[in-house]
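Working notes for the structure below.
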Number of protein chains: 2
Amino acid sequence: MPADTKDRIVEAGAELFQRQGFAGTGIKQILASAQAPFSSLYHFFPGGKDELGAAAIKVSGTRYQQLVEAVFDAAPDIERGVRDCFEGAADTLRATDYADACPIATVALEVASVNEPLRIATAEVFDAWIVSATQRFRAAGITPKRSRHLALTTIMLLEGAFVLARALRSTEPLESAGATALAETRAALAARRRA
Amino acid sequence: MPADTKDRIVEAGAELFQRQGFAGTGIKQILASAQAPFSSLYHFFPGGKDELGAAAIKVSGTRYQQLVEAVFDAAPDIERGVRDCFEGAADTLRATDYADACPIATVALEVASVNEPLRIATAEVFDAWIVSATQRFRAAGITPKRSRHLALTTIMLLEGAFVLARALRSTEPLESAGATALAETRAALAARRRA
DNA sequence: GTCTATACTTTGATAGAC
DNA sequence: GTCTATCAAAGTATAGAC
């Protein structure tokens, strides 16, 4: 629960953008949800909706990364970490009636070709995720090149599973994606042992 | 090049929805792009924007499936078909300045939690894709269960790669996803041979 | 089927008092 | 920092003549 007004606005924006998209969410709805006065938007964000959007992307993208890293840190090994990520994502989807998946994917697709500043904001988040995951695999002894490939694959499987899961209202995609991510991780670990 | 007015409207809507999303595209923009009179929208689509959206999802989703099936039909074997799909998608992304990826993913994420009729329209398209890909793998001798898993994995890798590629303005994700899809396909084919 | 005109709502954004 | 009032523009949708 954020303390000051600015934080409440960013949090409310992040949540609504995640569920309804950027264009589909009005700033009045955000301020009402944040229980903040209307004028405070332009007080804290002179750049208006776009500036708020960039802040929301950064905050929710960073928080999701921390969440995933916490899952990996809590797991006994990296294979379990991968598995727990997909299972946790499936749990969240079910618990939120298939509303909460990736915090920025919807906005990323919306803005990719029409709003360059926001596109860059989403790119920076994805970049950070890739770097973080790559580092995690490298720490497990996988080669740098293969670690990046595995990081990309894991993230793409998760993002693709989110698209299908939300549309189909099923966690079958998450289970399938998790199994593939696990198989790829094991293959990379096996290659490491052979080296 | 569609002949009559209704087709032009659907085509224009499909293209704009794909690139800018559903909420981010106005019906006036669609009609202007289709060079159609404003009143004809409600003549052909009494249900307004939502009905047009459902028609656009169905048309572009079906066409994309046919495109992919044509790629597989033209390939000498299923492994090459998988590879050609990802390479073709990468070519299209580069050729369109990272605008044309999945025709319905943006809309699917936007509407999943806020517009049930459109969510169902996207689900029907994804379902058809999954069934089509599953059948394709089964025809190659892979078991039904594993064929569905492989179909889901392939589609998810493509969708996830589209998200990252458009945000990062890079085809690296497509290359990585294609390599993983190919590896999974080969593993499934190898398991078939052992049976 | 198409044309013009328009109703109504919501949008993002601003001004000025307090 | 917040309040009220308000703006112009864009949004969807409808009516009625032709």
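Small disclaimer: the values here were computed from a predicted structure and weren't measured. Chain letters run A, B, ... following the sequence lines, proteins first and then strands; every chain starts at 1.
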Taking only residues two or more places apart in sequence, or in another chain, which ones meet [X] in a side-chain hydrogen bond (donor to acceptor under 3.5 Å, both in side chains)?
{"X": "A:Thr171", "answer": "A:Arg94, A:Glu175"}
{"X": "A:Asp100", "answer": "A:Arg19"}
{"X": "B:Ser170", "answer": "none"}

Exercise. Name all residues meeting the ring pair (Phe, Tyr, Trp, His ring centres under 6.0 Å) criterion together with A:Phe44; count only those two or more places apart in sequence or in a different chain, and write none if there are none.
Key: none
Quiz item: Taking only residues two or more places apart in sequence, or in another chain, which ones meet B:Phe86 in a ring pair (Phe, Tyr, Trp, His ring centres under 6.0 Å)?
Solution: none
Quiz item: Has A:Thr5 got a side-chain N or O lying under 4.0 Å from the OP1 or OP2 atom of D:dT2?
Solution: yes
Exercise. Can you tell me the distance, in whole Å, between the CZ atom of A:Phe45 and the P atom of D:dG1?
Key: 12 Å
Exercise. Provide, to the nearest angstrom, the distance between the CZ atom belonging to B:Arg8 and the P atom belonging to C:dG1.
Key: 13 Å
Quiz item: Taking protein heavy atoms under 4.0 Å as touching, what does nucleotides 3-18 of chain C look like 5' to 3' if B marks base contact, S marks sugar-phosphate-only contact and - marks none?
Solution: BB------BBBB----
